[in-house]
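Below: the structure, in structure tokens.
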Amino acid sequence: MSYWVSGKTKREHFAAVQRGRMPPSQPNPGQYALTNGDPLNGHCYLSGYISLLLRAEPYPTSRYGSQCMQPNNIMGIENICELAARLLFSAVEWARNIPFFPDLQITDQVALLRLTWSELFVLNAAQCSMPLHVAPLLAAAGLHASPMSADRVVAFMDHIRIFQEQVEKLKALHVDSAEYSCLKAIVLFTSDACGLSDAAHIESLQEKSQCALEEYVRSQYPNQPSRFGKLLLRLPSLRTVSSSVIEQLFFVRLVGKTPIETLIRDMLLSGSSFNWPYMSIQCS
């Protein structure tokens, strides 16, 4: 079934059908050995800042999609909305709990997430090895339900290809969890967002995140001197994935015409009262 009801009801549905959110444990400054089943390729040393970025993750990467997979390792059409919602919710929840972001003015928080949510979504999709298959993506967008022009089909196929390419290029680098957390912080703390109250402060947070990533890569991958540069070079191309296309592909059947930016604002303003997804979302 499709959820073609009022915007308010749809947003309430997002909250009503979710449960089981686990608040991040209290962070320990200094070094942090991962215990969530992702051993970072055997690396256990993390700076205090990176450890806090990791602790802000609402649930381990393994929880994203393991229950959304069919035995033949192809994601079921009915599960795409669930996984996409988890990726989006995870991005906002993560941002709400990382260092410095909660201290920003709420207008700045909203502006940053409105600009970068799609880039964070792509990073999360790559991190959880989201299965990417053209037919289910098209079905999730609801494009199979009504006739469409050949040009429109071609356009969507092209956008899907771009999304797939960005995810696959990140996966090819074998980015570990600490690197993903730093990359997401670099993306989030951008002074490009409109109307920021203190763009210089935001830029300093981005520089801090970039320095943390550089130090981590240099210490953990000494035999890959070009790794840090390769990771940074992946970030500008994330913006080639259209946020409106991601919205159409993954969310239109669940939220209808309610903009994702509106949902993000609601999630930020609701704070800890918003319940994050563990239950399945029916979306077809």
CG/L113 to OG/S118 distance, rounded to the nearest 0.5 angstrom?
-> 11.0 Å
Identify the residue among V122, I246, V92 that makes a side chain to side chain contact (heavy atoms under 4.5 Å, CB included) with W117.
-> I246
Check: Y221 main-chain N/O paired with Q224 side-chain donor or acceptor under 3.5 Å = no
Backbone N/O of T190 and side chain of E203: donor-acceptor pair under 3.5 Å | no
Quick check: does any side chain N or O of R227 sit under 3.5 Å from a backbone N or O of L173, one acting as donor and the other as acceptor?
-> yes
Flag side-chain contact, heavy atom, 4.5 Å: R265 against E261 | no
Rounded to the nearest 0.5 Å, the OH atom of Y216 sits from the CZ atom of F228 at a distance of 14.0 Å
Just how far is it from atom CG of L104 to atom NE2 of H201, taken to the nearest 0.5 Å?
-> 5.5 Å
Would you check if there is a donor-acceptor pair between the side chains of S191 and Q206 at a distance under 3.5 Å?
-> no
With distance as the sole test, does W94 use its side chain to make a donor-acceptor pair with the main-chain N or O of L53 at under 3.5 Å?
-> yes
Same cluster (ILVMFWY, side-chain, under 4.5 Å), Y180 and L233 = no
Check the pair L170 / L231 against side chain to side chain contact (heavy atoms under 4.5 Å, CB included), numbers first and verdict last.
-> CA-CA 8 Å; L170 283 164; L231 291 172; 5.8 Å; no
Find out whether E207 and Q210 are in side-chain contact, i.e. whether some heavy atom of one side chain is under 4.5 Å from a heavy atom of the other.
-> no
Side chains of V167 and Q164: does their closest heavy-atom pair fall under 4.5 Å?
-> no
For E93 and P58, work out which heavy atoms get closest and say how close.
-> CG-CB, 3.6 Å
Worked check of side chain to side chain contact (heavy atoms under 4.5 Å, CB included) between Y49 and C182 | CA-CA 9 Å; Y49 178 61; C182 288; 5.7 Å; no
Heavy atoms only: give me the nearest A126-K171 pair and the separation to one decimal.
-> O-CG, 3.7 Å
4.5 Å side-chain heavy-atom contact, I98 and L188 | yes
Mind checking whether L115 and L235 sit in one hydrophobic cluster, side chains of I, L, V, M, F, W, Y counted as touching below 4.5 Å?
-> no
No-hydrogen, no-angle side-chain donor-acceptor test under 3.5 Å, Q109 and R96 = no
List the steps and the verdict of side chain to side chain contact (heavy atoms under 4.5 Å, CB included) for L87 and C128.
-> CA-CA 9 Å; L87 296 180; C128 78; 3.8 Å; yes
So do the side chains of L123 and V175 get within less than 4.5 Å of each other, counting heavy atoms only?
-> no
Nearest-0.5 Å distance that lies between atom CG in L88 and atom CG in L263 = 6.5 Å
To the nearest 0.5 Å, what is the distance between OG (S243) and CZ (R114)?
-> 12.0 Å
For S51 and G48, indicate whether the former's side chain and the latter's backbone hold a donor-acceptor pair under 3.5 Å.
-> yes
According to a 4.5 Å side-chain heavy-atom criterion applied to Ile, Leu, Val, Met, Phe, Trp and Tyr, with indirect links allowed, do L269 and I264 form part of one hydrophobic cluster?
-> yes
Do the side chains of K184 and N124 get nearer than 4.5 Å, heavy atoms only?
-> yes
Quick one: are P102 and N97 in side-chain contact, heavy atoms under 4.5 Å?
-> no
Can you measure from CD (Q166) to CD (E119) and round to the nearest 0.5 angstrom?
-> 10.5 Å
Locate the shortest heavy-atom distance separating I186 from S209; write the atom from each residue and the value.
-> CG1-CB, 3.8 Å
Apply side chain to side chain contact (heavy atoms under 4.5 Å, CB included) to I50 and S47, showing your working.
-> CA-CA 5 Å; I50 296 179; S47 71; 3.3 Å; yes
F251 and F121 aromatic ring geometry - parallel, tilted or perpendicular at 30°/60° bounds = perpendicular
Classify the angle between the aromatic ring planes of F101 and F189 as parallel (below 30°), tilted (30 to 60°) or perpendicular (above 60°).
-> tilted
In short, G195 meets D108 closest at the heavy-atom pair O-OD1, 3.9 Å
